[in-house]
2 protein chains.
Amino acid sequence: MARIGNNPTARQQKVLDYIRRHAQRTGAPPTVREIASALGFASTNAVACHVAALERHGLLERRPHSSRGLRATGSISPGVPILGRVAAGQPITAQENIEGYLAPDSFLINDAESTFVLRVQGDSMTGDGILSGDYVVVRRQPVAERGSIVVAMVDDEATVKHWQADADAVRLVASNPSYPPIEIRPGDGKMVDVLGIVTGVFRRL
Amino acid sequence: MARIGNNPTARQQKVLDYIRRHAQRTGAPPTVREIASALGFASTNAVACHVAALERHGLLERRPHSSRGLRATGSISPGVPILGRVAAGQPITAQENIEGYLAPDSFLINDAESTFVLRVQGDSMTGDGILSGDYVVVRRQPVAERGSIVVAMVDDEATVKHWQADADAVRLVASNPSYPPIEIRPGDGKMVDVLGIVTGVFRRL
DNA sequence: ATTGTTACTGAACGTTTGTTCCGTGTCAAG
DNA sequence: CTTGACACGGAACAAACGTTCAGTAACAAT
């Protein structure tokens, strides 16, 4: 069968899975000989072949001539399984249930250079599921689209709010109705500065 | 000066930092020669020496006789800066503002082996800041404390609720008042199974 | 019947890499 | 002054490692 798409074969998927698992467990990707040994290959060339295929499909990156130079694209750290529909019956982490793998790190953070995390104080954004004590992931940028959630500096205080800028005024709107919008007009003597926009939220229970 | 504690010297810290950075950037720890080259050493022995010291201090683990067999203990990836109080004035990411570094991965996931992620459907838990479409981090375990948020299997359907078990009944309580509690008693013909408890929540905006 | 892809075995080459032994110099404590 | 930890240079060895070439077999499409 001629293979055209970007999808790996079952055998190739097993190689990719092993690379991911090994990287997660040991902190480094496996060598080609470790892969061969784990999957029962007698020749390292079998691995080289699969690795080349995975690279063609864009599922794997390589650092040539370097030991352990394999990296699964997408989720950097192998991540944990995402379960879609959980089927009734037996083991939850059965292969059929697993929709993919996901590492919160790379999922929440695209550009580590310009990203920071801010701990939220106060409950003004509970309407968006942002509670006091939550961590918001913020990408630094001085401008924001109308309606997006931003971290703004208002008179020496950082605050998380919805951004609504008009021609004549800027409004910082809370999603908790108990909090009135903050309105800033030119000549108020107040300063507003967008520090960045909120791209993610997470909390530990 | 006789060195006694578990603290590394400034030079050792630099080696450790480089190992961490390299592991994050490339997906694999560096070789001893890469470390030597990066820090300006002419001899690999200088690295071996520092690595041995870091290992004694418990800051580094080694996989002997294996290429790239170094792993910084504790925080795996250096992560993004956490900002505490954002001071007025200049650069946000100034050193004074940074409270620490945090990687969502290792923050949310302690035991990768028994952890999975589930995408939430429905708004029954909005009271706890868990919205439809959010990802919940679940640690697999068959029992739960009263009041904790669990993923439970009720008649072939996985659901996220508060767990409240009495002697005579089990109640799955939503945090959105629009949803009545689900009560299961022995002899109902219904089945309840705790798949795991929710240890974290995250979402992308 | 031929072509092309997948999926390997087997062997070999050259480099990379961890490791070790020996030696030099600095600096602070006893 | 001696001792001991720290911080390196230089050189060398054996094992680990990525890579490549040659060849075999199954299978589907043309």
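In the text below, chain A, chain B and the rest are named by the order of the sequence lines, each starting its count at 1. Treat the numbers as computed from the prediction; the structure is a model and nothing was measured.
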Item to check | Pairs flagged by salt bridge (Lys or Arg N to Asp or Glu O under 4.0 Å) wherever residues 168-178 of chain B is involved - sequence neighbours left out | outcome: B:Asp168-B:Arg185

Next on the checklist: Please report the distance, rounded to the nearest Å, between CD1 in A:Ile35 and C1' in C:dC8.
Outcome noted: 15 Å

Checklist entry - Is there any ring-ring contact (aromatic ring centres under 6.0 Å, His included) pair reaching into residues 14-36 of chain B, and which pairs are they, with sequence neighbours excluded? => result B:Tyr18-B:His22

Item to check | Any donor-acceptor N or O pair under 3.5 Å, side chains A:Ser178, A:Asn176 | outcome: yes

Checklist outcome for this item: Whole-Å distance, B:Lys14 NZ to D:dC6 P, equals 19 Å

Next on the checklist: Nearest whole Å is fine: how far is C:dT6 C1' from A:His50 NE2?
Outcome noted: 7 Å

Checklist outcome for this item: Minimal heavy-atom distance between A:Arg139 and A:Thr199, with the atoms involved, is NH1-CG2, 3.5 Å

What donor-acceptor contacts under 3.5 angstrom involve side-chain atoms of residues 144-151 of chain A, with partners at least two apart or in another chain?
residue  : atom : partner  : partner atom : Å
A:Arg146 : NH1  : A:Ala165 : O            : 3.4
A:Arg146 : NH1  : A:Asp166 : OD1          : 3.0
A:Ser148 : OG   : A:Glu145 : O            : 2.8

Distances under 3.5 Å only, N/O to N/O: pair up the protein atoms with those of nucleotides 10-17 of chain C.
residue : atom : partner : partner atom : Å
C:dG10  : N7   : A:Ser43 : OG           : 3.0
C:dT17  : OP1  : B:Arg68 : NH2          : 3.3

Item to check | Atom-pair distance (CD on B:Gln12; P on D:dA5), nearest Å | outcome: 13 Å

Next on the checklist: With each end axis built from five pairs of C1' atoms, what bend angle do you get for the helix from C:dA1-D:dT30 to C:dG30-D:dC1? Round to 10°.
Outcome noted: 20°

Item to check | For atom CD of B:Glu61 and atom C1' of C:dG18, their distance in whole Å | outcome: 18 Å

Checklist entry - When all nucleic acid strands are considered with a 4.0 Å heavy-atom cut-off, which category describes B:Arg62: base, sugar-phosphate, or nothing? => result sugar-phosphate

Checklist entry - Given C:dT26, is OP1 or OP2 found less than 4.0 Å from the side-chain N or O atoms of B:Arg11? => result no

Item to check | Set of residues satisfying side-chain hydrogen bond (donor to acceptor under 3.5 Å, both in side chains) with respect to A:Asp128, sequence neighbours excluded | outcome: A:His162, A:Ser175

Next on the checklist: Under the rule for side-chain hydrogen bond (donor to acceptor under 3.5 Å, both in side chains), what residues qualify as partners of B:Arg62, not counting sequence neighbours?
Outcome noted: B:Glu55

Checklist outcome for this item: So ring-ring contact (aromatic ring centres under 6.0 Å, His included) across residues 136-158 of chain B, not counting sequence neighbours, yields none

Checklist entry - Which residues satisfy the side-chain hydrogen bond (donor to acceptor under 3.5 Å, both in side chains) test with B:Arg68, sequence neighbours excluded? => result A:Ser66, A:Ser67, B:Glu34

Checklist entry - Could you state the CG-C1' distance from A:Leu16 to C:dA7, rounded to the nearest angstrom? => result 17 Å

